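Worth knowing before you read on, the calculation uses all heavy atoms, side chains too, and leaves out hydrogens, waters and symmetry mates. Both ligands and their constituent atoms are indexed starting at 1 by order of listing. Bear in mind that the values here come from a model prediction, so they are computed numbers and not experimental data.
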Amino acid sequence: MTVPVSHPRKMSLDLRHRLTDAFERGVVASAGLIAHGRGEAFDYLLGERTWEQAGEAATAASALLLAAEKPAISVNGNSAALSAAEIGVLARVTGAKLEVNLFYRTLDREERIRDVLLAAGADTVYGVGVEENTVPGLESERSKSDTAILEADAVLVMLEDGDRTEKLKDMGKKVIAVDLNPLSRTAQKADITIVDNIVRALPNMIESAKELRGLGREELRAVVGAFDNERNLKEMEDRIRNG
Ligand code: PTJ
């Protein structure tokens, strides 16, 4: 459906339709539509804009991916529906591997999401058809990780909540989250949390990664080290409560 350019909520409605179209194509889970609604509510409260805290988190996140030996980007139905092209670009700029990882996992959805990423320009996509639970202590289907995430030292997870971040950290990995809810378990447990809409956060990460990619590992680590996630989350929470 085409929303008229004059509609005051055009951007928000266009994003909704990306989700509903992707749901009809079997990419997004039905619960993904509800998850999007929760994100919309937080985005509305934040004024649907990128705050400086989110910009700082995006810079630190790009530095962390660039500094990693084996970075990986985990992709679910919602992130593929909203940002497939940007995910492909970020993977290329940072050297990260892409892996499909789903909560409502079916082989059919894994293949569809892989195909969306390939059509958007990704080179290789991991995570399709893994049958083994490979993340210790994680009981959901998200435990079926492929080599990209298993071998990674830094993982970007987007639009998911639950206990995976804790388990990935228990495996010694650094975790970056994109989540509009600063109070979610994933947002709270990640090393770097970008409290922003994925459609704004990923272009910011790409821009930062392009600016930072000339730096050496030590300089990149210094950028990461200067970032305080706890304070950043608290400031974003305050914005929501008092804004
Ligand atoms: O594709 P699958 O099978 O892996 O399923 C994915 C969903 C999204 C259904 C699943 O991970 C889920 O239920 O997620 P939650 O627990 O609802 O968490 C999603 C989080 O993402 C919430 O904290 C939302 O506020 C946040 N969120 C939703 N849309 C956006 C967002 N954050 C950033 N940008 C968005 N556009």
Problem set entry | Nearest option to atom 15 (P) of ligand 1, as decided by whichever heavy atom of Met158, Arg164, Arg18, Arg38 sits closest |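 Among Met158, Arg164, Arg18, Arg38, the closest heavy atom to atom 15 (P) of ligand 1 comes from Arg38.
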Exercise. Which one of Asn78, Asp161, Asp179 has a non-hydrogen atom at the shortest distance from atom 24 (C) of ligand 1?
Worked result: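 Result: the heavy atom closest to atom 24 (C) of ligand 1 is in Asp179.
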Problem set entry | Sub-4.0 Å heavy-atom contact, Ile113 with ligand 1 |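 In this structure, Ile113 fails to qualify as a contact of ligand 1 - no heavy atom is under 4.0 Å.
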Exercise. Has Glu40 got any heavy atom lying under 4.0 angstrom from an atom of ligand 1?
Worked result: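 So Glu40 does not count as touching ligand 1.
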For this session: Kindly confirm or rule out an N or O of Ala31 lying under 3.5 angstrom from an N or O of ligand 1.
Result: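 In fact, backbone or side chain, Ala31 has no N or O that close.
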Please list the nearest protein heavy atom to [atom] with its residue and the distance rounded to 0.1 Å.
| atom | value |
| --- | --- |
| atom 34 (N) of ligand 1 | Ile198 N, 3.0 Å |
| atom 30 (C) of ligand 1 | Leu159 CG, 3.5 Å |
| atom 6 (C) of ligand 1 | Asn76 ND2, 3.7 Å |
| atom 36 (N) of ligand 1 | Asn197 OD1, 3.0 Å |
| atom 11 (O) of ligand 1 | Arg142 NH2, 2.6 Å |
| atom 29 (N) of ligand 1 | Gly39 CA, 3.7 Å |
| atom 5 (O) of ligand 1 | Tyr104 CD1, 3.7 Å |
| atom 13 (O) of ligand 1 | Ala35 CB, 4.4 Å |

Exercise. Between Arg109 and ligand 1, which part of the residue brings a heavy atom under 4.0 Å of the ligand: side chain, backbone, both or neither?
Worked result: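 The answer is the side chain.
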Exercise. What part of Leu82 sits under 4.0 Å from ligand 1 if we count only heavy atoms: the side chain, the backbone, both or neither?
Worked result: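 The answer is the side chain.
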Problem set entry | salt bridge (Lys or Arg N to Asp or Glu O under 4.0 Å) evaluation trace for Arg239 with Glu235 | CA-CA 6 Å; Arg239 281 203 185 285; Glu235 288 174 359; over 6 Å; no
